[in-house]
Amino acid sequence: MGTVKLGENMEIKEVVIEKACSMAMNAHKYPEKQYLSKKIKTSSSEVVFSFPGSWSVNDWFTGTSFGETKVDPQLFPSLKYVGLDVTATVNEVFLNRFKAVLANPQFQIEVEKAATDWRQIVFTGHSSGGAIAILATIWLLEGQIRRSSNWIAPLCLTFGSPLVGDRIINLALRRENWSRYFVNFVMRCDIVPQISLSPLSSINQKLQQVLDYFNQKAQQPPNEAPAFYETVVKNASSVANYAACKIMGSTNPLLETISSFIELSPYRPLGTYVFCTGNGKLVVSSNPDAVLQVLYYASQLSTEEAREKVKVAQTSLKDHLNYGNDLQEYLKMSIVTCLYQHHPEALPLSSNVANVERGRVNVALNDLGLSERARLCIHAAEALEKQKLKNQASIDEKQKDIEKCLDKLEAYKKKCALKVGYYDAFKSSEEKEDFHANVERLELAGIWDEIIEMLKRNELPDEFEGRKTWINLGTRYRRIVEPLDIANYYRHLKNEDTGPYMGKGRPRRYKCTQRWREHAERLPHEVPGSCFWAEVEELCIKTSCQGIKESISHLNTKVKKWIKDGELGVDVLLENSTFNKLLKQHFLTNFSQDLELRKELHVQGFADA
């Protein structure tokens with residue numbers, strides 16, 4: 001936590017922020033245009049694309065209470081919780097508005113030209129225009145990361161933007177290391193960033209009056225401003241308090257009971273937030289849980305402000321229109337306080353602070369109107385991030401244990417080649433070595449199940465799923481151990497009670513590690529080679545069914561590719577393996593053993609090729 005210049009903290013030229021803000025506000029003057037674009041002449045020229053906001057309720061909400069929908073996985077393939085296979089949620093109207101922009105061929109041509117000319121692309125927008133800028137930036141990141149490793153990262157600057165999507169979007173941005181490209185500026189009293197936390201039914205008529213004011217159809221804020229402000233803050237309170245309870249680890253069953261019949265907004269902050277305190281200071285945070293608390297508590301009225309509710313409500317609307325003028329003054333003063341993650345002990349929990357450095361931070365938090373309760377919630381959010389890092393360090397310590405077990409199973413696999421192969425030897429479990437292999441299998445299952453449970457409980461950093469070390473280790477684990485789990489499954493006839501392994505029998509730890517690799521390497525989702533034996537077992541069961549030969553032939557064609565990709569070991573082709581027996585039964589030959597694969601068997605030391 002400390003005081004630095006804004007440009008130094010985020011590595012953004014202040015002239016770019018000023019120009020982006022100017023263009024974001026100017027875009028409202030041309031509502032007939034989907035976007036405006038302009039080059040900024042600095043030491044390295046940027047190209048700014050600004051999107052206008054919309055002043056119709058129908059362009060803010062649609063359908064459900066909060067107007068949300070699942071993202072289009074074709075357009076945004078990274079916006080998901082990869083291992084748990086949960087797709088992100090986004091505001092449907094904002095998504096459709098962005099798709100309309102994307103359908104404009106001129107937009108894509110201009111963006112492509114800017115990228116080709118090695119210019120940094122800056123997407124910006126004020127109000128709901130900021131939401132479109134966010135989606136445009138994610139779209140560009142999705143495309144650029146697939147085209148080339150040599151590219152200039154885009155930048156997204158929003159001003160008074162409403163929330164766009166759920167926590168999965170923020171998780172995905174942090175996992176991909178994209179979160180740093182999103183910077184959101186918010187005036188302390190601006191109520192618009194909280195609007196998405198309210199169901200449409202509670203603010204419908206009032207919201208249209210507010211939007212009419214923003215569109216300058218009225219000279220003064222509407223009479224409904226106080227009621228609108230109170231309703232939005234009340235809904236934000238429900239979301240923020242529920243989130244705070246979860247952050248603090250509350251186990252009260254009443255919490256889940258309440259959430260089951262009170263519908264809460266799915267929307268959450270993403271990227272970095274820069275709060276303008278109202279007294280010339282800027283407070284910066286990139287912790288989404290902390291940002292949610294600041295958004296809510298900064299709008300809480302002090303005893304003095306409570307006496308002037310009408311004035312405060314009107315200010316909350318006027319501030320939304322003042323970014324163009326006020327932000328320039330804030331940037332000139334350069335009094336920036338950063339709420340650094342992972343250092344909750346540096347956050348002053350009361351307004352009485354003796355330490356000089358913490359005293360500066362305290363002044364900024366006081367200017368934001370953050371009470372002691374607000375600071376406790378922010379402290380808890382920062383402490384949670386710190387705890388996630390500790391959990392990750394604890395998991396990292398188990399890497400050596402995992403690798404040690406896998407090395408033992410690799411040695412076991414080579415020994416099995418002298419008999420009938422890895423899978424068949426383990427399934428029969430007639431030797432002492434088979435028992436020891438089972439012990440290793442169970443130990444590994446315990447470690448990986450713990451990791452998956454921690455992911456489900458949100459106890460690991462959002463970046464964890466993107467770590468190459470764990471993606472590679474998970475792939476190695478799945479390839480070596482899943483065949484043993486399949487052997488155990490069919491040996492104990494679990495398929496008779498649960499059904500085929502690939503139906504309900506496959507553990508989540510294998511699905512998760514498979515998805516990690518598929519996402520990291522941009523592979524299609526399909527049955528992996530580690531599940532080969534599950535297919536063989538089902539074919540053995542259905543040996544008299546119609547079309548069995550075609551199914552076996554189809555599986556056989558995939559074997560060579562799986563072996564080349566490292567998904568499958570060549571021991572599956574051993575003379576006495578279940579697979580070769582199946583081939584001989586139906587084709588009177590083990591035709592999977594072509595000359596190339598026979599040679600590979602000899603190279604790897606398998607004797608009976």
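Side chains are part of it too, since the values below use all heavy atoms of this structure and drop only hydrogens, waters and symmetry mates. Residue numbers count from 1 along this sequence.
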Open item on the list: Check this for me: does any side-chain nitrogen of one of R478 and E567 sit under 4.0 Å from a carboxylate oxygen of the other?
Closed with: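 Counted as a salt bridge, because a side-chain N and a carboxylate O are separated by less than 4.0 Å.
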TODO: Run the salt-bridge test on R175 and E463 with the 4.0 Å N-O cut-off and return the result as yes or no.
DONE: no
So, using side chain to side chain contact (heavy atoms under 4.5 Å, CB included) as the criterion, who are the partners of [X] when residues are at least two apart?
| X | answer |
| --- | --- |
| L523 | R517, E518, E521 |
| T87 | K70, V71 |
| N91 | V93, F94, Y267 |

- [ ] Please list all pairs passing the ring pair (Phe, Tyr, Trp, His ring centres under 6.0 Å) test where one or both residues lie in residues 478-500, with sequence neighbours left out.
- [x]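 Sorted result for residues 478-500: Y489-Y501.
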Open item on the list: Does anything in residues 526-551 form a ring pair (Phe, Tyr, Trp, His ring centres under 6.0 Å)? List the pairs, not counting sequence neighbours.
Closed with: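 Listed once each, the pairs are Y423-W533, F532-F579.
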Test side chain to side chain donor-acceptor pair (under 3.5 Å) applied to [X] - qualifying residues, sequence neighbours left out:
| X | result |
| --- | --- |
| H554 | none |
| Q387 | N391 |
| S196 | none |
| K561 | D565 |

When the side chains of residues 404-411 are checked against the rest of the protein, which donor-acceptor pairs come out under 3.5 Å, sequence neighbours left out?
| residue | atom | partner | partner atom | Å |
| --- | --- | --- | --- | --- |
| D407 | OD1 | R476 | NH2 | 2.7 |

Task: salt bridge (charged side-chain N to carboxylate O under 4.0 Å, His left out) contacts in which one or both residues fall within residues 529-541, not counting sequence neighbours - done: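 Non-adjacent pairs meeting salt bridge (charged side-chain N to carboxylate O under 4.0 Å, His left out): K427-E537, E535-K558.
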With a cut-off of 3.5 Å and sequence neighbours excluded, list every side-chain donor-acceptor pair involving residues 440-450.
| residue | atom | partner | partner atom | Å |
| --- | --- | --- | --- | --- |
| R441 | NE | N438 | OD1 | 2.8 |
| R441 | NH1 | D485 | OD1 | 2.7 |
| R441 | NH2 | N438 | OD1 | 2.9 |
| D449 | OD1 | R509 | NH1 | 3.0 |
| D449 | OD2 | R509 | NH1 | 3.2 |
| E450 | OE1 | K398 | NZ | 2.6 |
| E450 | OE2 | K398 | NZ | 3.4 |

